[in-house]
Amino acid sequence: MEFLERFIRLPLDQLPFFLVTILIAFTVHEFSHAYFANKFGDPTAKLLGRVTLNPVVHFDLLGVMLLVIAGFGWARPVPVNRANFEKPRLMGAIVSVVGPLSNLLLAIIGAIIYGMLFGSGVLGNIGNERVVTALMIFLPMFSVTNFFLFMFNLIPLPPLDGYRILEDVLPPSISRKLQGVEQWSIFVFLLILVIPPLQAVTIQPLYLFATDMYRDVVGLIIELYLK
């Protein structure tokens, strides 16, 4: 067990909760991209079987392994052919933004459920200590992780959704210039992920802000019960 803990960033007893969190977060995120792309007239994702909530078709094994071991990873990106859209730039931006928004929705739902369980006293009245412990670990982790993914995916660097949104909302002339430096932007993105000092001023503040967002929503729900 000690050998595994050296390589896995999370305590082993929390790993199952994290895997379930990522399973849901990644699946809903990629499904949202695929669903709206298909609705807007691009059948590419549907033909590949991606308009589904089956996590198997959305997961990348290496991406998940790296997420657990190194703290960063990825799901299988949904292929989108913007040429099939009636309004490629507008619809492309919407398809890109619904992924992060799905994580925001999941985060809020998780925080509301925890706030309701705590504020109503239900959590304190559950007789099974293991169930209480599981809920107290899973729901905060689920909510904070999804708040983080919402903000992280909006960073305007490839291959994140924020970059795709930026491409679609900027004037075409500027978008073409961005494509010329895209390969270098990817290196910047990777450096942010792997260099601790850069993480300290980019990734870590996002995580702290995600935690604050979670606490604010939970606090709001609890206040409603106390009134």
Side-chain angles (χ1 to χ4, degrees), residues 1-33 35 52-61 63-75 98-154 199 203-227:
M1 297 292 283
E2 291 182 1
F3 173 78
L4 287 175
E5 288 179 346
R6 292 177 186 175
F7 293 95
I8 297 176
R9 294 174 67 90
L10 285 169
L12 289 179
D13 60 341
Q14 294 184 19
L15 183 59
F17 300 106
F18 181 69
L19 290 176
V20 172
T21 293
I22 292 302
L23 182 80
I24 297 172
F26 279 12
T27 298
V28 174
H29 182 109
E30 298 302 332
F31 165 78
S32 299
H33 287 315
Y35 177 84
T52 176
L53 288 172
N54 179 359
V56 175
V57 303
H58 297 299
F59 261 49
D60 182 285
L61 181 58
V64 174
M65 289 176 61
L66 282 175
L67 187 64
V68 173
I69 297 172
F72 65 90
W74 56 84
V98 292
L101 287 179
S102 71
N103 292 124
L104 177 62
L105 179 61
L106 289 174
I108 293 173
I109 290 173
I112 289 176
I113 292 174
Y114 188 83
M116 291 175 65
L117 290 175
F118 191 89
S120 65
V122 170
L123 194 63
N125 292 324
I126 297 176
N128 191 317
E129 186 176 340
R130 289 187 176 182
V131 173
V132 174
T133 301
L135 290 172
M136 292 182 68
I137 294 175
F138 174 69
L139 288 173
M141 178 184 292
F142 179 83
S143 186
V144 171
T145 300
N146 275 286
F147 273 128
F148 173 80
L149 288 174
F150 161 65
M151 294 183 291
F152 179 77
N153 278 290
L154 290 177
Q199 287 184 3
I203 304 302
Q204 291 181 17
L206 285 183
Y207 181 79
L208 293 175
F209 190 45
T211 303
D212 289 339
M213 293 173 72
Y214 160 75
R215 289 173 177 168
D216 288 343
V217 176
V218 171
L220 177 62
I221 300 301
I222 293 174
E223 282 184 17
L224 293 176
Y225 277 94
L226 295 178
K227 288 183 178 179

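We count residues from 1, following the sequence as given.
With Leu19 as the partner, the side-chain contact (heavy atoms from CB on, under 4.5 Å) test is satisfied by one option alone out of Leu15, Thr21, Ile22, Leu23: Leu15.
For Ala111, the side chain to side chain contact (heavy atoms under 4.5 Å, CB included) partners are Ser143, Tyr214, Val217, Val218, not counting sequence neighbours. Applying the side chain to side chain contact (heavy atoms under 4.5 Å, CB included) test to Ala75 and every residue at least two apart in sequence or in another chain returns Phe26, Glu30. Residues that satisfy the side chain to side chain donor-acceptor pair (under 3.5 Å) test with Asp60, not counting sequence neighbours, are Trp74. Every residue two or more places apart in sequence or in another chain that forms a side chain to side chain contact (heavy atoms under 4.5 Å, CB included) with Ile113 is listed here: Ile109, Leu117, Leu139. Evaluation of the side chain to side chain contact (heavy atoms under 4.5 Å, CB included) rule for Leu101 yields Val97, Leu104, Phe150 as partners, not counting sequence neighbours. With sequence neighbours excluded, the residues satisfying ring pair (Phe, Tyr, Trp, His ring centres under 6.0 Å) with Phe31 are Tyr35. Considering only residues two or more places apart in sequence or on other chains, Phe17 meets the ring pair (Phe, Tyr, Trp, His ring centres under 6.0 Å) condition with none of them.
Between Gly115 and Ile222, the shortest heavy-atom distance links the atoms O-CG1, 3.9 Å. Here the closest non-hydrogen pair linking Val98 and Ser32 is CG2-O, 3.5 Å. Closest of all the heavy-atom pairs between Asn54 and Thr52 is N-OG1, 3.0 Å.
Among residue pairs with one or both ends in residues 112-139, those qualifying as ring-ring contact (aromatic ring centres under 6.0 Å, His included) are Phe138-Phe142; sequence neighbours excluded. Among pairs with a residue in residues 98-113, those fulfilling side-chain hydrogen bond (donor to acceptor under 3.5 Å, both in side chains) read His29-Asn103, Asn103-Asn146, at least two apart in sequence or across chains. Sorted by first then second residue, the side-chain hydrogen bond (donor to acceptor under 3.5 Å, both in side chains) pairs that include residues 129-138, not counting sequence neighbours, number zero.
In this structure, the side chains of Thr211 and Phe147 stay at 4.5 Å or more apart for every pair of heavy atoms.
Separation of atoms CG (Leu53) and OG1 (Thr27) is listed at 7.5 Å; rounding is to 0.5 Å. Here CG of Leu149 is found 10.5 Å from CG of Leu154. Values are rounded to the nearest 0.5 Å.
Around CZ of Phe209, the count of heavy atoms belonging to other residues, nucleotides or ligands within 6.0 Å does not exceed 12.
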